[in-house]
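Here's the structure we're looking at; comments come further down.
Atom set for the values below is all heavy atoms of this structure, side chains included, hydrogens, waters and symmetry mates excluded. Residue numbers begin at 1 in each chain, while the letters A, B, ... track the order of the sequences.
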2 protein chains.
Amino acid sequence: MTNAHTILSALGDPTRQAILDLLLEGPQPVGELAALLPVSRPAVSQHLKVLKEVGLVVDRQEGTRRVYRVDPAGLAPVRAYLDRFWKQAMVAFAQYAEDHPTEEQHR
Amino acid sequence: MTNAHTILSALGDPTRQAILDLLLEGPQPVGELAALLPVSRPAVSQHLKVLKEVGLVVDRQEGTRRVYRVDPAGLAPVRAYLDRFWKQAMVAFAQYAEDHPTEEQHR
DNA sequence: ACTTACGGTAAGTCATGACGAACGCACACA
DNA sequence: TGTGTGCGTTCGTCATGACTTACCGTAAGT
């Protein structure tokens with residue numbers, strides 16, 4: 001399981017997707033995120049832990065609050081993986097089209 | 001839940017990631033995929049159903065066999081989403097760095 | 001028609017993980 | 001030092017979904 005795969009697994013959860021979408025607006029503390037989401041604060045905390053482990057977010061202690069923000073660098077592996085994947089898919093597609101000419105243009 | 005979110009959820013499963021990686025080598029029938037994976041053929045079949053529903057793969061009847069291949073176009077939404085996400089994350093990061101010039105400014 | 005190969009589907013089991021309640025800790029301020 | 005706030009963590013519960021077994025349909029070949 002590559003790094004990109006781990007990140008993709010983390011991105012698979014809808015709640016984590018929602019958290020990331022919220023953090024995209026700007027850095028926010030845990031309580032603020034929980035208030036905007038249909039889940040409890042501990043749930044948000046656990047999701048943030050996962051996101052932090054895979055490098056998608058970073059946190060910063062600010063008094064009694066802990067502010068999270070997305071880490072652009074954390075997305076690099078997924079972007080690289082998907083780009084490589086996309087190129088490879090195109091190659092496979094081209095080769096497939098070569099072996100199987102469309103029914104209309106060739107017989 | 002946008003289209004990109006649905007696709008990301010589909011990409012979250014390790015077995016589906018493995019199936020896609022295998023299909024990247026070229027189109028393959030279900031049995032072939034199952035032989036290369038540590039799961040049963042029905043399991044592969046169910047995963048392929050999910051991947052097909054989100055548009056990541058397409059299938060083609062070939063005699064008694066059903067050949068699956070990755071659909072490059074199916075990746076477009078995720079790529080677009082991640083690109084937008086990345087750009088937005090950069091903006092948020094820049095703004096954050098602006099608000100916090102040095103690490104020790106708060107009393 | 002029988003047989004074999006291949007794959008989708010139904011049903012049931014089981015493990016993963018998402019979740020909330022309760023608790024403890026650190027920080028800020030009086 | 002006491003009080004309140006904000007979070008992380010632990011623990012137990014519960015639902016989702018990944019998986020296998022069994023079955024059925026379909027497409028060639030004999």
Side-chain angles (χ1 to χ4, degrees), chain A residues 1 5-23 26-71 100 103, chain B residues 1 5-23 26-71 100 103-107:
Chain A
M1 205 174 189
H5 285 161
T6 322
I7 300 179
L8 279 178
S9 296
L11 284 174
D13 184 78
T15 303
R16 283 197 283 270
Q17 294 172 4
I19 291 178
L20 286 175
D21 284 341
L22 285 177
L23 285 182
Q28 289 181 13
V30 181
E32 188 72 19
L33 292 172
L36 299 172
L37 291 171
V39 295
S40 69
R41 186 190 50 72
V44 174
S45 213
Q46 290 163 1
H47 282 303
L48 284 170
K49 182 180 182 180
V50 175
L51 292 174
K52 182 180 174 183
E53 283 172 355
V54 301
L56 284 175
V57 302
V58 290
D59 59 337
R60 171 191 172 106
Q61 191 83 23
E62 210 156 276
T64 144
R65 305 194 305 183
R66 186 169 288 261
V67 181
Y68 284 83
R69 60 181 174 84
V70 294
D71 183 8
H100 299 268
E103 297 76 12
Chain B
M1 205 170 189
H5 286 162
T6 326
I7 300 180
L8 279 179
S9 295
L11 284 175
D13 184 77
T15 302
R16 283 197 283 271
Q17 294 172 3
I19 290 178
L20 287 175
D21 284 342
L22 285 177
L23 285 182
Q28 289 181 14
V30 181
E32 189 72 20
L33 292 172
L36 298 172
L37 291 170
V39 295
S40 69
R41 185 189 49 73
V44 174
S45 212
Q46 289 163 4
H47 283 303
L48 284 170
K49 182 180 182 181
V50 174
L51 292 174
K52 182 181 176 182
E53 282 172 356
V54 300
L56 285 175
V57 301
V58 291
D59 60 338
R60 170 193 176 104
Q61 190 84 23
E62 209 156 278
T64 145
R65 305 194 303 183
R66 185 169 288 260
V67 180
Y68 284 84
R69 59 180 176 86
V70 294
D71 184 7
H100 300 267
E103 301 304 326
E104 287 300 323
Q105 284 297 60
H106 287 279
R107 43 177 204 271

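For the pair B:G31 and A:R16, both in contact range of DNA chain C, the more 5′-proximal nearest nucleotide belongs to B:G31. Nearest-nucleotide assignment on DNA chain C puts the 5′-proximal partner with B:V30, out of A:P42 and B:V30.
Rounding to whole angstrom units, CZ of residue B:R41 and P of C:dA10 are separated by 14 Å. Whole-Å rounding puts the A:R66 CZ to C:dA26 C1' distance at 10 Å. Put simply, CD on A:Q17 is 12 Å from P on C:dA18, counting in whole angstrom units.
Using a 4.0 Å heavy-atom cutoff across all strands shown, B:A43 reaches at least one base atom of the nucleic acid.
Checking each of A:T15, A:L36, A:L22, A:L33 against A:V44 for a side chain to side chain contact (heavy atoms under 4.5 Å, CB included) leaves exactly one that passes, namely A:L33. When each of B:I19, B:L23, B:D71 is paired with B:V57, the side chain to side chain contact (heavy atoms under 4.5 Å, CB included) condition holds for B:L23 and for no other.
In this structure, CG in A:L56 is found 11.0 Å from CG in A:L48, a value given to the nearest 0.5 Å.
Checked by atom type and distance alone, the side chain of A:Q28 never pairs as donor or acceptor with a backbone atom of A:R69 at under 3.5 Å. A distance-only check finds a donor-acceptor pair linking the side chain of A:S9 to the backbone of A:H5 [under 3.5 Å]. Distance alone, capped at 3.5 Å, is enough to place a donor-acceptor pair between the B:R16 side chain and the B:A10 backbone. Remark: side-chain polar atoms of B:E32 are not paired, donor with acceptor, to backbone N or O of B:A34 under 3.5 angstrom. With B:E62 contributing its side chain and B:T64 its backbone, the two residues share no donor-acceptor pair below 3.5 Å.
With distances taken from any side-chain atom of A:D13 to the nucleotides C:dA18, C:dC6, C:dA21, the minimum falls on C:dA18.
Nearest heavy-atom pair across A:L51 and A:V54 is O-CG2, 3.3 Å.
From the 5' end on, the contacts that DNA chain D makes with chain B at under 4.0 Å to a non-hydrogen atom open and close at D:dA18 to D:dA28.
Side-chain N/O atoms of B:T64 include none lying less than 4.0 angstrom from OP1 or OP2 on C:dG7.
Annotation: proximity of residues 44-55 of chain A to DNA chain C (heavy atom, distance under 4.0 Å) is found for A:Q46, A:H47, numbered in ascending order.
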